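In what follows, a single structure is set out as structure tokens and then discussed.
A, B, ... follow the sequence lines: proteins, then strands. Residue 1 opens every chain. Here the structure is a predicted model, which is why all the values come from computation and not from measurement.
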Number of protein chains: 2
Amino acid sequence: MSEAGTDGRRVRTDKQRNRVHILEVAEQFFAEQGISGSMDAIAKRAGVGAGTLYRHFPNREALLAALLQARNEELEARRDAIRREESDSSDALAQWLDALGEWVTAFDGLPEPLRVALTEDTSPLTITCQGFITTTEEFLGAAQRDGGAHPWVRARDLFLSTLATAWARSAALADESSSEGLSTLMRSGWEKSVDGTTPGAS
Amino acid sequence: MSEAGTDGRRVRTDKQRNRVHILEVAEQFFAEQGISGSMDAIAKRAGVGAGTLYRHFPNREALLAALLQARNEELEARRDAIRREESDSSDALAQWLDALGEWVTAFDGLPEPLRVALTEDTSPLTITCQGFITTTEEFLGAAQRDGGAHPWVRARDLFLSTLATAWARSAALADESSSEGLSTLMRSGWEKSVDGTTPGAS
DNA sequence: GACGATACGGAGACAGTCTCCGCTTTGTCA
DNA sequence: TGACAAAGCGGAGACTGTCTCCGTATCGTC
């Protein structure tokens, strides 16, 4: 018993099967080659025509959005875990930003379309981003109330910084320690240390 | 008297003229449309064939590098001015990073090829970047010696952060204040305030 | 002015995105 | 179970952009 479409009719099984299969293939493909690999190549690898690919996902961004959907649930689970288990609000924010940073590294090149999505409001990725900004707002607000984050920092900027850091990271790979350096730099940016100690750098 | 080429022969005047003209046109074109506009469109606008464009500049990156050459001199002049006029080493570093941030905003989309250039060593942009990292090192070193910058910050990371901030800025344009927020966040990241005051935010 | 070297132009090879439409497959209903 | 309409499929090809190749035009020299 498949779900019914918007009208009474059933969703055709071949359609459903294709959709799932394309997603599987695209997931692997993007993971291997980064998000800018050829769309037609994905279609070919999935064994479907280009038309089929584009009927399911009208462009690269839509495909990406569908792929991220699954990961979103993971990230939301992680958010809940942090809420539950982390009592220190600064650490909670830091952990959330870490989780975000990891999520955005799911595929090489992902930060770019996300950044673009932030400038639009039509994009399927925009809503996702908005949701995560809201969550950031929540963690940030708590940290600010507790005096663990500068009061002038804004959630949207933190989100953008996380994106930007992830973006920069893919240039830093040659120099491994840069990755950590950038994260530390960002944390040091928003964090308001009560006792004047240097953040991070374990 | 035109300069001589590597062999004894003079450089052909039409070649020289074309080169200059293409650069003028490309400068305006990139300024208008960002760096991802069509190369053939530049050739057409310059009134030359595609072949001529590509003989002078084998790819977009080479064209970009040639365009930035001129601006480099500006930036270097600014560097010298800061060296001369700014006695506070933290402010000097801040000003230098501001200047860098501005330079990198010369054309929309510029941060991306610069980031890529940092991962390579063949690119014509790489050398330029390296030079600026070295300058950053100088300013940062001074600030660190004076206790105005965290000792764990590294010049390369600061350069990358500047790039990343500029990159993020073009998503922040819709929300004007984000641009400033990001810069403040970054400065707050490297700066080690002696008296515990909040940085920037005048 | 003639000649060889050099540069020019633009047609076209190639690669990518995305659309369109004839054909096949599917679900439904008798 | 068979027949019919609706839905989906495939891939040729339109379109856009990058970059190359080579016949032709231009330049500098002697």
Rounded interatomic separation in angstrom, taking CZ from A:Phe57 and C1' from C:dT17: 17 Å
Under-4.0 Å side-chain N/O to phosphate OP1/OP2 contact, B:Thr13 with D:dG28: yes
Does a side-chain N or O of B:Arg10 approach OP1 or OP2 of D:dC27 to a distance below 4.0 Å, or not? no
Just to confirm, is there a sub-4.0 Å distance from OP1 or OP2 of C:dA7 to any side-chain nitrogen or oxygen of B:His56? no
Rounded off to whole Å, could you give me the CZ-to-C1' distance for the B:Arg60 and D:dT18 pair? 9 Å
OP1 or OP2 of D:dT18 versus the side-chain N and O atoms of B:Asn59: is any pair under 4.0 Å? no
With a 4.5 Å cut-off on side-chain heavy atoms, are B:Phe107 and B:Phe29 touching? no
For the atom pair OG1 (A:Thr165) and CG (B:Leu160), what is the distance rounded to the nearest 0.5 Å? 10.0 Å
Find which nucleotide of DNA chain D each of A:Thr52 and A:Asp40 is nearest to by heavy atoms, and output the residue with the more 5' nucleotide. A:Thr52
Using a heavy-atom cut-off of under 4.0 Å over every strand shown, decide if A:Arg55 touches base, sugar-phosphate, or nothing. base
C:dG10, D:dC9, C:dT19: which one has an atom nearest the side-chain heavy atoms of A:Tyr54? C:dT19
On the 0 to 90° scale, with breaks at 30° and 60°, tag the A:Phe132-A:Trp103 ring pair as parallel, tilted or perpendicular. perpendicular
Pick the closest DNA chain D nucleotide for B:Ser38 and for A:Gly51 by heavy atoms, then say which residue is nearer the 5' end. A:Gly51
With a cut-off of less than 4.0 Å, is there a side-chain N or O of B:Arg12 near OP1 or OP2 of C:dA5? no
